Amino acid sequence: RPVQLAERQNPHRAYAIRVSVRVRMAPSPTGMLHIGNVRTALFNWLYARHEGGEFKLRIENTDTSREVAEAVDQIQESLRWLGLDWDGPHTFQLDRMDDCREVARKLVAEGKAYEDEGAIRFKMPDEGTTGWDDVVRGRIDFPNEQLEDVVLVRSDGRPTYNFASPMEDVWDGITHVIRGDDHVSNTPKQINLIRAVGAEPPIYAHVPSVFGTDGKKLSKRHGAVTVEEFRSAGYIAPALMNFLALLGWAPDGETTIMSGDELVERFDLSRVQPSPAAFDFEKLDWMNGVYLRALPPDEYAHELLLYLGEQGYDWDAELVRKAAPLVQEKIERLGDFPAFAGFLFQDISLDGQQLDPKVLSEAESVLRDVEPFTADRIEAALRELAERLELKPRDAFQPIRIAVTGSKVSPGLFESLELLGRERALERLSAARS
RNA sequence: GCCCCCAUCGACUAGUGGCCCAGGUCGCCACCCUUUCAAGGUGGUAGCGCGGGUUCGAAUCCCGCUGGGGGCACCA
């Protein structure tokens, strides 16, 4: 075997091969993935991929009463969309309940645990300290007297999270537990449990939580919080991944835009910030715009079409494709497309806006004769019109824009007119005068 | 209340004793470009929470304070 060969040749090299990294993400199936948990999952994934290790998905469904039917599928769908692929099949904590109970019985037999009103409790040491070197926080020590005897198995026979989770980490050969910092105070208990079964605790890395810009834990009132919400708002996966990676981590002081490959290449767990990070929606918007603009035009159109389909729009695909280049430079989220370019696909409303009728009627007669009805010809004709009326371009074009698009803000006027077509353009100009 | 942790511009961060009267990015402001809005270009705004030490020298090390967070379940 290669490992044995390497071992003989170079003991250090063999060591490096043997301790290949294995991490896990362990969500409970209680609903959609919260963006904070996704960020934790991303750090796990980046670390695993950077180290050439494995990233496992374990569903912690011990508490069946809180389980949401769709959640397991939704979690996987969210991870897949973001590009966080896991290794091997996902596992369920519930499948190991018998193993847990057996360990509990053994611990009782060894005098390391005891029965208490039908439940089984683990006997924590009551002197000294339990500590570990946290990859992101450094040394943490807890006085053992603070550690209560945790319940291993409830009186109804169901193992608890604080028992099942560390046991599974041992059984799965998890080398690094990268999780939210709300687990910091569980860690000494889990370390003692793991040692009690004769295993070596993994390396721990507790990543800070994600706040809203107001310094409070990120929640609904800040805006989107689940991956699905970000997706349906029109953020694209690479942008969200890039943004999330930079939430509590930075490779240096300069770099901001990084592809998935680059993130994997540069990710360093020990550089993760120990303090909480605020989620800046405006920066995400900017970054999403950067990614959207960088897409090749055909890919952009493809993404847009895909997005509109998911959102239930049945707009003409050919027209969407033609409209795509007009908006690519202008919108930051695909979700802005319907409001920005919807005038091409549906009727507009002018809400009784008063527009200069002279400009409109002149434009109408000019556009009637433009041949062919293309952006450059339209532009030439309208510029000539503006000059003839002695109007500044913006003063001449703005009423036309509003009449035709229903908005003061739109894609380029001439291209918009071309896509709209002569007939509909004339209709709208005429309608705006009455 | 008890235990654990955290602290650089409004936000994300770089910075690990001299390269920092603190750098990058978002935001914000101004100007340029311009058919609107964006994009792009140029410039600008703004920060080491406070108080003590240590040191020739501290954003960087130590102590205290203040502020913030997490945990203290037969939830995960």
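Note that the coordinates shown come from a computational prediction; the quantities given were computed from them, not determined experimentally. Letters A, B, ... are given to chains in the order of the sequence lines, protein chains preceding strands, and every chain is numbered from 1.
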Is it the case that the side chains of A:Q74 and A:E228 hold a donor-acceptor pair, with the cut-off being a distance below 3.5 Å and no angle test?
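Note: A:E228 and A:Q74 side chains miss the donor-acceptor criterion.
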Can you measure from CG (A:D116) to CG (A:D149) and round to the nearest 0.5 angstrom?
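Here the rounded value is 8.5 Å.
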Would you give the length of the straight line joining atom CG of A:L385 to atom CZ of A:R383, rounded to the nearest 0.5 angstrom?
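Taking CG in A:L385 and CZ in A:R383, the distance rounds to 12.0 Å.
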Taking the side chain of [X] as heavy atoms from C-beta outward, which of [options] is closest to it?
X	options	answer
A:F340	B:rC37, B:rU36, B:rC26	B:rC37
A:P393	B:rG24, B:rU35, B:rA14	B:rU35
A:K283	B:rU25, B:rU13, B:rG69	B:rU25
A:A277	B:rU13, B:rC4, B:rU35	B:rU13
A:A119	B:rC74, B:rA76, B:rG10	B:rC74
A:E148	B:rA76, B:rC72, B:rU25	B:rC72
A:D63	B:rA7, B:rG10, B:rA76	B:rA76
A:W286	B:rC26, B:rG71, B:rU35	B:rC26
A:Y161	B:rA14, B:rC37, B:rA76	B:rA76
A:E329	B:rG40, B:rA38, B:rA76	B:rA38

Euclidean distance for [atom1], [N] against [M] (whole angstrom):
N	M	atom1	result
B:rG27	B:rC72	C1'	40 Å
B:rA7	B:rU60	C1'	14 Å
B:rC12	B:rU36	C1'	32 Å
B:rA76	B:rG71	P	15 Å
B:rA46	B:rC9	C1'	5 Å
B:rC50	B:rC31	P	35 Å

Taking only side-chain nitrogens and oxygens of [X], does any of them come within less than 4.0 Å of OP1 or OP2 of [N]?
X	N	result
A:Q273	B:rA14	yes
A:R139	B:rC4	no
A:R394	B:rU36	yes
A:R121	B:rC74	yes
A:R154	B:rA76	yes
A:R58	B:rA76	no

Parallel under 30°, tilted from 30 to 60°, perpendicular over 60°: which one fits the rings of A:H183 and A:Y161?
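Ring orientation of A:H183 relative to A:Y161: tilted.
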Would you call the rings of A:W132 and A:Y204 parallel, tilted or perpendicular, where under 30° means parallel and over 60° means perpendicular?
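Judged by the thresholds at 30° and 60°, the geometry between A:W132 and A:Y204 is perpendicular.
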Only pairs under 3.5 Å count here: list side-chain donor-acceptor contacts from residues 403-422 of chain A, not counting sequence neighbours, and write none if there are none.
from   : atom 1 : to     : atom 2 : distance (Å)
A:T405 : OG1    : A:R401 : O      : 2.8
A:T405 : OG1    : A:S407 : N      : 3.1
A:T405 : OG1    : A:S407 : O      : 3.1
A:S407 : OG     : A:V409 : N      : 2.9
A:S407 : OG     : A:V409 : O      : 2.9
A:S410 : OG     : A:R401 : NH1    : 2.8
A:S416 : OG     : A:G412 : O      : 2.7
A:E418 : OE1    : A:A375 : N      : 2.7
A:R422 : NH1    : A:L367 : O      : 2.8
A:R422 : NH1    : A:R368 : O      : 2.9
A:R422 : NH1    : A:V370 : O      : 2.8
A:R422 : NH2    : A:V370 : O      : 2.8
A:R422 : NH2    : A:E371 : OE1    : 2.8

Strictly by Watson-Crick or wobble contacts shorter than 3.5 Å, is anything paired with [N], and which nucleotide is it?
N	result
B:rC31	B:rG41
B:rG10	B:rC26
B:rC20	none
B:rA73	none

When you measure from the side chain of A:N186 to the backbone N and O of A:N162, does any donor-acceptor pair fall under 3.5 Å?
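Not a single qualifying donor-acceptor pair exists.
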Taking for each residue the nucleotide of RNA chain B with the nearest heavy atom, is it A:F211 or A:P251 whose nucleotide lies nearer the 5' end?
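The residue mapped nearer the 5' terminus is A:P251.
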Separation of A:N288 atom CG from B:rC26 atom P, in whole Å?
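The distance from CG of A:N288 to P of B:rC26 comes to 15 Å, rounded to the nearest Å.
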Could a donor-acceptor pair under 3.5 angstrom be found where the side chain of A:S155 meets the base of B:rC74?
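For A:S155, whose side chain was compared with the base of B:rC74, there is a donor-acceptor pair (under 3.5 Å).
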Contact class for A:G412 vs. all strands (heavy atom < 4.0 Å): base, sugar-phosphate, or nothing?
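A:G412: base contact, heavy atoms under 4.0 Å.
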